2 protein chains.
Amino acid sequence: MAPRRPATIKDVAAAAGVGIATVSRVFSGTGSVGAATRERVLAAARELDYRPSALGRGLKLRRSGGIGLVVPDVTDPFCAELVAGVLACARTLGEHVIVDAAHGDPSREAEIVERLVEQRVDGVIAQPAGTEADWRGAARVCSSVVFAGRALPGLPEIPAVLADDAGGVRSLTEYLAGLGHRRIGFLGEAPRSPSRVREGAFRDTLAQLGVPVEEDLVVGARPAGDAAYAAAAGLLQRRDDVTAVLAAGHRLGEAAVLVARELDLRVPADVSIAMIDDVAWAELCDPPLTAVARPGRDIGYRACEMLLREPARRGRGGPVLLPTELVVRGSCGPLRPARR
Amino acid sequence: MAPRRPATIKDVAAAAGVGIATVSRVFSGTGSVGAATRERVLAAARELDYRPSALGRGLKLRRSGGIGLVVPDVTDPFCAELVAGVLACARTLGEHVIVDAAHGDPSREAEIVERLVEQRVDGVIAQPAGTEADWRGAARVCSSVVFAGRALPGLPEIPAVLADDAGGVRSLTEYLAGLGHRRIGFLGEAPRSPSRVREGAFRDTLAQLGVPVEEDLVVGARPAGDAAYAAAAGLLQRRDDVTAVLAAGHRLGEAAVLVARELDLRVPADVSIAMIDDVAWAELCDPPLTAVARPGRDIGYRACEMLLREPARRGRGGPVLLPTELVVRGSCGPLRPARR
DNA sequence: CCCTCCCTTGGAAACGTTTCCATGAGGTTT
DNA sequence: AAACCTCATGGAAACGTTTCCAAGGGAGGG
């Protein structure tokens, strides 16, 4: 039944008794075609199971009609939301999305971008893992790049859509301080991170509130399981007088929760815990965790829009910051006397 | 610096003073090229920032070197794992992956497949949402299809890689029965689901154990938030004598946990809860939830391998079943007197 | 010293589109 | 009635590869 070889535009043209140019016009929607002819072409195409080849079109048009999306890890809830947002937007614009995960490895990331360029994607959206040098090169060779969810401060010319992390940390810090907490442990970005926005916002907010920052309470950690756990355990064991912990990411928050449980600390009676990233388990935790929700989906959607719809406006006026939302649940309580 | 138009194979050939055939041989690795010539070509290519166009190659080769992946929802943890597995395998085979989400809508799914066919992907991996009729058509038009994570029983000719759901449900049911539970509530597949493997396994296992199945305790629900919550609430309110709940999916498990909390039931003292899908929050829940882990990543990996590596073996001997693993945590306890 | 064979190389024909340009038919305006 | 527009249509030239085929050249064997 089905032909060995997929039908081409020529087959359709022959079957409908028209020229290939006419068939092309029918399918690409450009130009004008008589109603009767169009019908004949469509009938022939249906008969032959014809599907226009995106390869032929792409070659001619010098673009594939797809975009590339590079994230650290598709199983991370935030990344997954971001991917979903990009897919949603791409869908409305009729583009497909080539997704790949770099797993924090800059060389792998570079390799992925290289492949995307070979695919002649119309643009690339990335939550970058690599350094500025890596992306400076990539940006030169890519048609266009938009950062999403994370940006490289040294590359202001590359447009970016980000969560307002600083605002999120600020509102969380103010919330904890408002509950009376003064010795707040902060689990933040790794020390050699390119930009420690969250840590900065934490320090600034405390300063504004007139709360002295104790260096001992600010620890950085890679969000990997072990490192995060070690950082949280270190903090809570070293300083048994902290009354609240602010985790700057769900992996760190997870670590904090597990460590607190391990140390038999009651939440929030002994220690309040809050984190950035309102992932699914925050609500299911007991007590449910207060968190700052980052609009991952919106970020992805917006980045895609920026990439495809507004090539003109790109990169002007710094990164687009999307608001976060403080979701108050039961994991933070008013200050009580220090434990022990 | 960067040329307005990306360099083509012709540019490289001219710059290196060789024919385009030679450049092609250098980059595609086929045929033999003298060492000196190869060097000259590579140097010219580097100079011009040349990247072979996958579009040109794809057109000639009649394939794009990519595969399509269709899942219901990339933000679902199981799907995300599956995607990660496919990406990992595709990467080792040098293929890229076009991902899209159908959100349970068959027409949307069909549309996605249509687009993938236009892209001339080398194959499609799908966790199908649509019916058998939908996919019968898609399979005819696709080069090849592999189902992953879910299959359509009416289409045995389409190869599939699945979790051993029946085995998972069985081990969980036996575990609960072993703790003494007899009145076990089962939150399972929606009534109009194409195959209710889990429910079947639940019934079979109880029968084998000599425990009568009470129809009242077996409820089906779509895994969407509201429906799941309603089903769980209905079950627990209607029958206050159930001592354990087995949720056949993490959305249903989530609902069970929330309903139990809402009804002030202590877990596991008043009711034991266990579920299929060992998602992140299972461990962070209090008490941590006993669950059956489905090997999402392995399923994706294997499906991709099957699609690309073993086109011969595909579809022979029924679906490939990958083993699940029972992860015992604290949410299930020995039978106690019925509540109230 | 000539013939053969193998290795290297270039020319040219696809692959399936889009689009520019030319052609012809039919209708409107002077 | 002539001249002109508009619209529908087909031919043909790209687009950037791969690969078949033929040809050139050096080495080895007779």
Side-chain angles (χ1 to χ4, degrees), chain A residues 3-42 44-45 48-66 94 115 117-122 143, chain B residues 3-42 44-45 48-66 94 115 117-122 143:
Chain A
R4 207 99 202 91
R5 288 265 210 75
T8 76
I9 201 172
K10 273 188 213 153
D11 302 325
V12 177
V18 300
I20 59 166
T22 302
V23 179
S24 171
R25 277 186 284 258
V26 169
F27 279 94
S28 63
T30 60
S32 58
V33 181
T37 316
R38 152 171 287 118
E39 263 327 302
R40 221 149 22 101
V41 168
L42 288 176
L48 295 173
D49 251 2
Y50 168 71
R51 264 104 185 154
S53 161
L55 288 144
R57 163 181 310 143
L59 180 56
K60 181 64 190 168
L61 264 34
R62 290 200 175 85
R63 24 164 305 203
S64 69
R115 273 196 68 90
V117 172
E118 289 190 7
Q119 293 297 323
R120 300 291 189 267
V121 292
D122 296 355
S143 37
Chain B
R4 206 97 202 92
R5 289 265 211 75
T8 76
I9 202 172
K10 272 188 213 154
D11 302 325
V12 176
V18 300
I20 60 166
T22 302
V23 179
S24 171
R25 277 185 285 257
V26 168
F27 279 94
S28 63
T30 60
S32 57
V33 180
T37 316
R38 153 171 285 117
E39 263 326 303
R40 220 148 22 103
V41 168
L42 289 176
L48 295 173
D49 252 0
Y50 168 71
R51 264 101 184 156
S53 160
L55 290 155
R57 163 180 309 144
L59 180 57
K60 181 65 189 167
L61 264 34
R62 289 198 176 86
R63 24 165 305 203
S64 70
R115 273 196 68 91
V117 172
E118 290 190 5
Q119 293 297 323
R120 299 293 189 267
V121 291
D122 296 355
S143 37

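What you are looking at is a predicted structure, and each value in this text was computed from that prediction instead of being measured. Just so it is clear: chains get the letters A, B, ... in the order the sequence lines come, proteins before strands, and each one is counted from 1. Excluded from the calculations below are hydrogen atoms, water molecules and symmetry mates; all remaining heavy atoms, backbone and side chain alike, are included.
- Annotation: of the two residues near DNA chain D, Ser28(B) and Val23(A), the 5′-most nearest-nucleotide partner is Val23(A).
- Of the candidates dA12(C), dT17(C), dT17(D), dT17(C) carries the atom nearest the Pro52(A) side chain, counting heavy atoms from C-beta on.
- Taking side-chain N and O atoms only, Ser32(B) has a distance below 4.0 Å to OP1 or OP2 of dT8(C).
- The backbone N or O of Ser24(A) sits less than 3.5 Å from a side-chain atom of Ser28(A), completing a donor-acceptor pair.
- A pairwise comparison of heavy atoms in Arg57(A) and Pro52(A) identifies NH2-CB, 3.9 Å as the closest pair.
- Separating the CZ atom in Arg120(A) from the CG atom in Leu61(A) is a distance of 14.0 Å, to the nearest 0.5 Å.
- Between dG10(D), dT9(D), dG16(D), one nucleotide has an atom nearer to the side chain of Val33(A) than all others, and that is dT9(D).
- For Ser24(B), a side-chain nitrogen or oxygen approaches OP1 or OP2 of dT18(D) to under 4.0 Å.
- Atom P of nucleotide dT19(D) and atom CZ of Phe27(B) are separated by 16 Å, given to the nearest angstrom.
- For Leu59(B), the side-chain atoms get nearest to dG16(C) when compared with the rest of dG16(C), dC15(D), dT17(D).
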**Message:** Output the pairing pattern of DNA chain D as a dot-bracket string, 5' first, Watson-Crick or G-U wobble with both distances under 3.5 Å, | for cross-strand pairs, [ ] for crossing pairs.
**Reply:** ||||||||||||||||||||||||||||||
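- Interatomic distance, Thr22(B) OG1 to Ile9(B) CD1, rounded to the nearest 0.5 Å: 9.5 Å.
- One atom, CZ of Arg63(B), and another, P of dG16(C), lie 15 Å apart when rounded to the nearest Å.
- At a threshold of 4.0 angstrom between heavy atoms, the contacts of Gly29(B) with the nucleic acid are absent.
- Once rounded to the nearest 0.5 Å, the distance linking CD1 of Ile20(A) with CZ of Arg25(A) reads 10.0 Å.
- Rounded to whole Å, atom C1' of dG16(C) lies 16 Å from atom CZ of Arg62(A).
- Note: CZ (Arg51(A)) to C1' (dT17(C)) measures 17 Å, nearest angstrom.
- Using a 4.0 Å cut-off, some side-chain N or O of Thr22(A) falls inside it from OP1 or OP2 of dG10(D).
- Of the side-chain N and O atoms in Arg25(B), none sit less than 4.0 angstrom from OP1 or OP2 of dT18(D).
- Contact annotation for Gly56(B): base contact, defined as any heavy-atom pair under 4.0 Å involving a base atom.
- One can place CD1 of Ile9(A) at 18 Å from P of dA14(D), the figure rounded to the nearest angstrom.
- Taking only side-chain atoms of Lys60(A), from C-beta outward, the nucleotide of dT9(D), dT19(D), dG16(C) with the closest atom is dG16(C).
- Within the structure, every side-chain polar atom (N or O) of Arg57(B) is placed at least 4.0 Å from both OP1 and OP2 of dG16(D).
- A search for salt bridge (Lys or Arg N to Asp or Glu O under 4.0 Å) contacts involving Arg63(B) returns Glu95(B), Asp122(B), not counting sequence neighbours.
- Nearest nucleotide to the side chain of Ile20(A), out of dC15(D), dA12(D), dT19(D): dA12(D).
- Straight-line distance from the CZ atom of Arg120(A) to the P atom of dT17(D): 6 Å, rounded to whole Å.
- Looking at which nucleotide of DNA chain C each of Leu61(B) and Arg38(B) is closest to, the 5′-most match is held by Arg38(B).
- Nearest approach of Gln119(B) to Leu55(A), heavy atoms of both residues: O-CD1, 4.1 Å.
- One can place OH of Tyr50(B) at 10 Å from P of dG16(D), the figure rounded to the nearest angstrom.
- For the pair Asp11(B)/Thr8(B), a side-chain contact is recorded, criterion being any heavy-atom separation below 4.5 Å from C-beta on.
- Rounded to whole angstrom, the span from the CZ atom of Arg40(A) across to the C1' atom of dA8(D) amounts to 12 Å.
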